[in-house]
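I'd like to ask you about the structure that follows.
These figures come from a predicted structure and were not determined experimentally. No hydrogens, no waters, no symmetry mates; every other heavy atom, side chains included, goes into these values. Chain naming here is simple, since letters A, B, ... match the order of the sequence lines and numbering starts at 1 in each.
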Protein chains: 2
Amino acid sequence: MSGERHYNIPSEATMDVIGGKWKIIVLCHLSYGPKRTSEIKKKMPDITQKMLTQTLRELEEDGIITRTVFNQVPPKVVYELSEMGVSLQPILDQICEWGEMYLNEKSKVIRGQAKEQLLT
Amino acid sequence: MSGERHYNIPSEATMDVIGGKWKIIVLCHLSYGPKRTSEIKKKMPDITQKMLTQTLRELEEDGIITRTVFNQVPPKVVYELSEMGVSLQPILDQICEWGEMYLNEKSKVIRGQAKEQLLT
DNA sequence: CCGGATCCAAAGAGATACTG
DNA sequence: CAGTATCTCTTTGGATCCGG
């Protein structure tokens with residue numbers, strides 16, 4: 001994020017930090033508390049280790065999360081929202097809430113369609 | 001969006017709809033009112049027409065925006081947040097606010113570094 | 001074993017020219 | 001003006017290997 005790029009609206013700065021395919025979902029999981037790599041991976045079965053590592057690195061570089069290494073065998077690494085990351089909490093919460101609402105609306109539509117089919 | 005995919009957390013449903021490189025920025029601009037294609041393009045100089053068209057199509061398909069075609073020469077097409085899109089407004093607002101805050105914090109750090117250099 | 005790195009293929013995005 | 005087609009380049013995915 002040292003690229004000193006120009007932003008047309010402030011939202012672009014936000015998306016520069018939390019944009020990308022996986023970042024927001026990772027942050028949503030970390031918003032429930034610190035987690036080690038394998039725990040995040042378990043919550044996100046569809047992400048590859050590679051993308052998970054890359055996503056976590058970028059979030060760390062931008063100061064959104066912290067990374068703590070426990071020198072032990074087997075290794076243990078814990079990720080946690082930083083102060084800056086915690087300031088994203090309202091956004092993360094609303095993204096979750098909106099998703100619940102959207103899925104609800106969609107299932108209503110699907111039930112409605114089923115009803116229509118029964119009537120034809 | 002007919003893919004009936006499984007979501008591990010509701011946030012994934014949200015990101016399915018407003019994720020991707022450009023969607024949120026387009027929605028932020030539309031949150032200030034309806035706009036025609038060329039107006040959005042002017043506000044987003046870095047997006048290509050191709051990606052703009054594609055982004056608008058996907059948002060329309062998911063019921064987040066509406067597309068109104070005026071049959072005239074030259075053509076005129078106006079995009080607007082749908083009711084579902086308006087329900088995203090709080091998220092869009094907060095993404096903008098957070099960006100402002102983040103840019104502020106970052107410039108503080110940069111000024112701090114300049115100050116340090118003056119002292120060495 | 002756990003967390004991460006490397007290499008190669010696939011998918012997504014950028015640039016540009018073109019159509020109604 | 002709005003949108004398409006094609007080609008190129010970047011980002012993401014998948015398999016495999018490494019260090020502790």
Side-chain angles (χ1 to χ4, degrees), chain A residues 1-3 5-8 11-12 15-27 29-30 33-62 64-80, chain B residues 1 3 5-8 12 15-30 33-62 65-80:
Chain A
M1 277 321 106
S2 46
R5 57 162 288 204
H6 169 71
Y7 298 115
N8 302 289
S11 305
E12 289 183 2
M15 297 319 293
D16 223 15
V17 176
I18 63 170
K21 187 163 183 178
W22 299 106
K23 285 182 182 174
I24 292 182
I25 302 302
V26 168
L27 291 174
H29 286 297
L30 289 179
K35 285 188 177 47
R36 54 187 301 186
T37 316
S38 55
E39 291 177 305
I40 305 174
K41 181 74 187 72
K42 197 160 291 181
K43 299 271 185 186
M44 302 176 63
D46 298 334
I47 197 174
T48 59
Q49 307 111 297
K50 181 191 154 194
M51 285 313 297
L52 180 55
T53 305
Q54 186 176 314
T55 301
L56 291 166
R57 285 286 174 286
E58 291 174 8
L59 290 171
E60 191 194 356
E61 277 169 26
D62 284 334
I64 308 299
I65 64 174
T66 61
R67 177 175 187 265
T68 311
V69 181
F70 295 83
N71 275 319
Q72 58 181 54
V73 178
K76 179 178 171 183
V77 179
V78 171
Y79 295 94
E80 185 171 2
Chain B
M1 272 320 103
R5 57 163 289 204
H6 170 72
Y7 298 115
N8 302 288
E12 289 183 0
M15 297 319 293
D16 223 13
V17 176
I18 64 170
K21 187 162 185 179
W22 299 107
K23 284 183 182 175
I24 291 181
I25 303 301
V26 167
L27 291 174
C28 283
H29 286 297
L30 288 181
K35 285 188 177 47
R36 54 189 299 185
T37 316
S38 55
E39 292 177 304
I40 304 174
K41 181 75 186 74
K42 197 161 289 179
K43 299 270 186 189
M44 302 176 63
D46 298 335
I47 198 176
T48 58
Q49 304 114 298
K50 178 190 156 192
M51 286 314 297
L52 181 54
T53 304
Q54 185 176 314
T55 301
L56 291 166
R57 286 287 174 286
E58 290 174 9
L59 289 171
E60 191 195 356
E61 277 170 24
D62 284 335
I65 64 175
T66 60
R67 178 176 187 265
T68 311
V69 181
F70 295 83
N71 274 320
Q72 56 182 53
V73 178
K76 179 178 171 183
V77 180
V78 171
Y79 295 94
E80 184 172 3

message: Counting the atoms with a prime plus P, OP1 and OP2 as sugar-phosphate, which does A/F70 contact under 4.0 Å by heavy atoms, base, sugar-phosphate, or nothing?
response: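 Here A/F70 touches no strand at all.
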
query: Counting side-chain heavy atoms from C-beta on, which of D/dC1, C/dA5, C/dG14 comes nearest to B/K21?
result: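 Comparing D/dC1, C/dA5, C/dG14 against the side chain of B/K21, the answer is C/dG14.
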
- prompt: For the pair made of CD1 in A/I47 and P in D/dG14, what is the distance, rounded to whole Å?
  reply: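 For the pair A/I47 CD1 and D/dG14 P, the rounded distance is 11 Å.
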
Among D/dG3, D/dT12, C/dG4, the one nearest B/T37 by side-chain distance: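 Nearest to the side chain of B/T37 among the choices is D/dG3.
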
- request: Please determine, for the side chain of A/T48, which listed nucleotide (C/dG14, D/dG14, C/dG3) has the closest atom?
  value: D/dG14

message: So if I take every side-chain heavy atom of A/M51 and compare against D/dA2, D/dT12, D/dG3, which nucleotide ends up nearest?
response: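 Closest nucleotide to the A/M51 side chain: D/dT12.
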
query: Which of the following nucleotides, C/dG4, D/dG20, C/dT16, is nearest to the side chain of A/P75?
result: D/dG20

message: Quick check for you: among C/dG14, C/dA5, D/dG3, whose closest atom lies nearest to any side-chain atom of B/K50?
response: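 Out of C/dG14, C/dA5, D/dG3, the nucleotide with an atom closest to B/K50's side chain is C/dG14.
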
- prompt: Which atom pair, heavy atoms only, marks the closest approach of A/V17 to A/K23?
  reply: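 Looking at all heavy atoms of both residues, the closest pair is O-CD, 3.2 Å.
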
query: Tell me: CD of A/Q72 to P of C/dC1, nearest whole Å?
result: 16 Å

task: Kindly point out which of D/dG3, C/dG4, C/dG3 is positioned nearest to the side chain of A/S38?
output: C/dG3

statement: From the candidates D/dG3, D/dT16, C/dC2, the one with an atom nearest any side-chain atom of A/Q49 is D/dT16

